[in-house]
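Working notes for the structure below.
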Amino acid sequence: MATRPKIPGLLGEFAAEFAGTMILILFGVGVVAQVAGAGIGDHDSIAWAWGLGVVFGVYVAARISGAHLNPAVTIALAVFQGFSWRKVAPYIVAQFLGAFVAALLVRWNYTEVLNAADPGLTIKTQGVFSTLPGNGTLPIGEWGAFRDQIIGTAILLFLILAVTDVLSTPPQANLAPFIIGLIVVGIGMAWGTAAGYAINPARDFGPRLASFLTGYEDAFRDQTGYLYFWVPIVAPIIGGVIGAGLYKVLVGRFLPSAEPPEPGRVPTPRGEDDNVEARRG
């Protein structure tokens, strides 16, 4: 007699979110350390490595926790998709811890490179770990960066809901993580100028704290001395809720039900009918 698969408890989901976010940051912060510290690569390699980090992180965690890897995603799903509010805080803690540990590993591994490129551990390499308005060089203020993070994260959540909606045309053959990674690549290439496309509070604050604890004394401030750390925390959460809400209003409520489609429409993939009513709820 076949045994029923064990459903992961909250501890398993916590571990999966920690591991998935850690993988994301190992690739994302690692590539910026390589570019900024050693001059190997450029903006395109940064965008692609961040996207690949998302792909691999989602593949690690998706089966167990859903692979949010981002507090903005977790909160938006709780607001609009019925994700349990009692799990929101544990998920966010796991995401921050995963990002923090990964950033410490990058900081340790690139110690010699970063010290050679920036002996004083200044604003020159602070952007390896955390974002800055105008990437630390362009004339963009804190509120311009705040606006940018709202827009960028709204795009992210709008597209994540579109890609994962079983009532629409979700990717088949387990390709959803790859498509979500491409979304992040696209955002990095199109929306990376004004604030470094954090679009993820854990991605920014975890590495920021790690850098502060390992010698970057001004890690919580931007190039003007402003206490900037709150911007890539608050703005992505607002943007995520806005983006998810816009998807529901503009697209989600107009999608056909699970009933047989009219001729010429793409049918609901086999095996997903059982999930339709749950997604409607």
Under the criterion side-chain hydrogen bond (donor to acceptor under 3.5 Å, both in side chains), I'd like the reasoning laid out for Glu142 against Tyr228: C-alpha separation, chi angles, the key distance, then a yes or no.
CA-CA 7 Å; Glu142 294 77 25; Tyr228 178 78; over 6 Å; no

How about Phe205 and Phe100: are their ring centroids closer than 6.0 Å?
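Centroid distance Phe205-Phe100: not below 6.0 Å, so no.
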
Taking the six-membered ring for Trp, are the ring centroids of Phe220 and Phe212 within less than 6.0 Å of each other?
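Yes, close enough.
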
Quick check for you: to the nearest 0.5 Å, what is the distance between [X] atom [atom1] and [Y] atom [atom2]?
| X | Y | atom1 | atom2 | answer |
| --- | --- | --- | --- | --- |
| Ser211 | Leu104 | OG | CG | 9.5 Å |
| Thr214 | Leu209 | OG1 | CG | 9.0 Å |
| Ile140 | Asp148 | CD1 | CG | 7.5 Å |
| Lys87 | His68 | NZ | NE2 | 8.5 Å |
| Met189 | Leu182 | CE | CG | 9.5 Å |
| Glu217 | Leu121 | CD | CG | 9.0 Å |

Same cluster or not: are [X] and [Y] linked, directly or through other Ile, Leu, Val, Met, Phe, Trp or Tyr residues, by side-chain heavy atoms under 4.5 angstrom apart?
| X | Y | result |
| --- | --- | --- |
| Val73 | Ile233 | yes |
| Ile199 | Phe229 | yes |
| Trp191 | Ile238 | yes |
| Ile242 | Ile237 | yes |
| Ile40 | Phe27 | no |

Let me have the donor-acceptor pairs involving side chains of residues 44-58, under 3.5 Å, with sequence neighbours excluded, atom names and distances please.
| residue | atom | partner | partner atom | Å |
| --- | --- | --- | --- | --- |
| Ser45 | OG | Asp42 | N | 2.9 |
| Ser45 | OG | Asp42 | O | 2.7 |

Non-hydrogen atoms of [X] and [Y] that approach each other most closely:
| X | Y | value |
| --- | --- | --- |
| Asp222 | Thr224 | OD1-OG1, 2.7 Å |
| Tyr247 | Ser168 | OH-CB, 4.4 Å |
| Pro171 | Ile179 | CG-CG1, 3.8 Å |
| Leu69 | Ala61 | CD2-CB, 4.4 Å |
| Ala99 | Ala202 | CB-O, 3.2 Å |
| Ala219 | Ser130 | O-OG, 4.2 Å |

Whether over 12 other heavy atoms sit under 6.0 Å from Leu11 CG:
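Check fails, neighbour count at 12 or below.
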
Would you say Trp85 has more than 12 foreign heavy atoms packed within less than 6.0 Å of its CH2?
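Buried by this count: over 12 neighbours within 6.0 Å.
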
Any side-chain to backbone donor/acceptor pair from Arg107 onto Ala103? Under 3.5 Å, distance only.
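Side chain of Arg107 to backbone of Ala103: no pair is present.
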
With distance as the sole test, does Gln172 use its side chain to make a donor-acceptor pair with the main-chain N or O of Pro170 at under 3.5 Å?
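Yes; at least one donor-acceptor contact below 3.5 Å.
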
Sub-4.5 Å side-chain heavy-atom contact between [X] and [Y]:
| X | Y | result |
| --- | --- | --- |
| Leu24 | Val60 | no |
| Phe96 | Val93 | no |
| Tyr216 | Thr125 | yes |
| Ile25 | Pro207 | yes |
| Arg208 | Pro232 | yes |
| Val128 | Leu114 | yes |
| Pro201 | Asn70 | yes |
| Tyr91 | Glu13 | yes |

Is the closest side-chain donor-acceptor distance between [X] and [Y] under 3.5 Å?
| X | Y | result |
| --- | --- | --- |
| Gln95 | Thr21 | no |
| Thr137 | Asn135 | no |
| Thr131 | Asp204 | yes |
| Asn174 | Tyr59 | no |

Positive for side-chain contact (heavy atoms from CB on, under 4.5 Å) with Leu26, one of Asn109, Val106, Val101
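Of Asn109, Val106, Val101, side-chain contact (heavy atoms from CB on, under 4.5 Å) with Leu26 is met by Val106 alone.
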
In terms of relative ring orientation, are Trp230 and Phe146 parallel, tilted or perpendicular, with 30° and 60° separating the classes?
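Plane angle between 30° and 60°, so tilted.
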
Which pairs of donor and acceptor atoms, one on a side chain in residues 151-163, lie under 3.5 Å apart (sequence neighbours left out)?
| residue | atom | partner | partner atom | Å |
| --- | --- | --- | --- | --- |
| Thr153 | OG1 | Gln149 | O | 2.7 |

Please step through side-chain contact (heavy atoms from CB on, under 4.5 Å) for the pair Phe14 and Leu97, ending with a clear verdict.
CA-CA 10 Å; Phe14 183 97; Leu97 286 176; 4.0 Å; yes

